[in-house]
2 protein chains.
Amino acid sequence: MTDGRRARGEQRRADLVAAAAALVLEAGPAGVSHRAVAARAGASLSATTYYFADLDELLAAAGADLAAAWAAHARATVESADAPPAELLVRAVLPAGDAQHVRGHYAHLVGAGAVPALARAYAAGRADLDAVVAGLGLAWPPEVLVALVDGAAVAALSEGRPVAEHVRAVVSRAL
Amino acid sequence: MTDGRRARGEQRRADLVAAAAALVLEAGPAGVSHRAVAARAGASLSATTYYFADLDELLAAAGADLAAAWAAHARATVESADAPPAELLVRAVLPAGDAQHVRGHYAHLVGAGAVPALARAYAAGRADLDAVVAGLGLAWPPEVLVALVDGAAVAALSEGRPVAEHVRAVVSRAL
DNA sequence: GTGTTTCTAGTACGAGCGTACCAGAAGATG
DNA sequence: CATCTTCTGGTACGCTCGTACTAGAAACAC
């Protein structure tokens, strides 16, 4: 291996980004601090400031990661094709995980547009998502279908109701 | 007036709640601190702890205020009936104000379900909203229509695009 | 080996936070 | 008048935060 330092450093950096992304899903963007990320990644506090100029940069990297993972999850779900289209739609748009993860996902989503780098990442992810959803063969344009799922999810989150269940009910009422 | 102290105290308390609600819309729930609320309401720091046992209680009061205001705004918009139904739908569901207000509204919405008192307030507000939207005479159930607007708004927020514009586009594509 | 770059660990500073406490002003009651 | 309750203002404690700084370990080049 030439230059093991570089490789080690990139691994460390990736660990920090992954830890930050996990924290976003678990505790929302506000739960991401230098110290929390370091502890989660098993690194020292200084590592976070060595690899990222400030917290915004770390959050942006984590957000780009989350946006990419979200689009990849959607693609894998739709391509598995192991359920009716409406069910695939719901599973593709909603992130996997418990209620806290879903809440973290949407909290991050709502705040993402205020950070240009994240806005771009999510625009790209959403374009990917729309393309995938269009392949489901449902009657509406993909933006409409995705909005339906997102909107139903927000409603469920605001009332503290089970998200997937409520989303399925709204989708079935619409199709 | 009998007992001017009591009346003065209730006014003070209402001022604090209003200040907290304004801060939620301007800076999101994370922007609400005892000190920020006190400064905004023109009160001293101690007033916030005198009227509210802790920050959660203050946030809950502000949230209940926001939920009620949101439902009232929707009702007034629909009852004005001074635009086509689709446009009334968009105006009723989206909060008035600039992009920051809309972002604050949805950030608060997503987090509300985690606090039982807020979940109840928003459930009541949403029931009100659904009833009002049902009166628009559009082809879909109100939950579906509201979800469409909320989902489109979240998409726009995540990409940093103008919200109302994007929501109108999605709604017109769906109807 | 020496020297250089990359990375880690530890510590420190100043700021803002939630919250608690207390002295006193303001108004009501007798 | 005096007394009691309600409310206000000011201050303080302990904590976490972002960020900066420095010393040294680790991996490479020569």
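Numbered from 1 within each chain, the chains take letters A, B, ... in sequence-line order. Keep in mind that the numbers below use all heavy atoms, side chains included, and drop hydrogens, waters and symmetry copies.
To the nearest angstrom, C1' of C:dG18 lies 14 Å from CD of B:Glu57. At whole-Å resolution of the value, CZ in A:Arg8 and C1' in D:dC28 are 11 Å apart. Atom pair A:Leu58:CG and D:dT19:C1' shows a separation of 13 Å (rounding to whole Å applied). Atom CG of B:Asp54 and atom C1' of C:dC17 are 14 Å apart (whole Å). Between B:Leu45 atom CG and C:dC21 atom P there is a gap of 15 Å when expressed in whole angstrom units. Atom CG of A:Leu55 is separated from atom P of D:dT19 by 6 Å (rounded to the nearest Å). Counting to the nearest Å, the P atom of D:dC17 and the CG atom of A:Leu59 are 13 Å from each other. The distance between atom CZ of A:Phe52 and atom P of C:dC7, rounded to the nearest whole Å, is 12 Å.
Using a 4.0 Å cut-off between charged side-chain N and carboxylate O, B:Arg161 and B:Glu165 make no salt bridge. No salt bridge links A:Arg103 with A:Glu26; every basic N to acidic carboxylate O contact stays at or beyond 4.0 Å.
For A:Tyr122 and A:His108, the gap between ring centers is short of 6.0 Å.
Contact between the side-chain N/O atoms of A:Arg12 and the OP1/OP2 oxygens of C:dC7 is not found at any separation under 4.0 Å. Of the side-chain N and O atoms in A:Tyr51, one or more sit less than 4.0 angstrom from OP1 or OP2 of C:dT8.
With contacts defined as side-chain heavy-atom distances shorter than 4.5 Å, the pair B:Leu59/B:Val24 qualifies. Between A:Val167 and A:Val163 the shortest side-chain heavy-atom distance falls below 4.5 Å. Within the 4.5 Å cutoff, side-chain heavy atoms of A:Asp82 are placed close to those of A:Leu88. Side-chain contact between A:Val17 and A:Tyr51 is absent, with no heavy-atom pair separated by less than 4.5 Å.
A donor and an acceptor atom sit less than 3.5 Å apart, one in the side chain of B:Ser46 and one in the base of D:dG9.
The residue among B:Asp56 and A:Thr49 whose nearest nucleotide of DNA chain C is located toward the 5' end is A:Thr49.
Proximity of residues 15-43 of chain A to DNA chain C (heavy atom under 4.0 angstrom from any strand atom) is restricted to A:Arg35.
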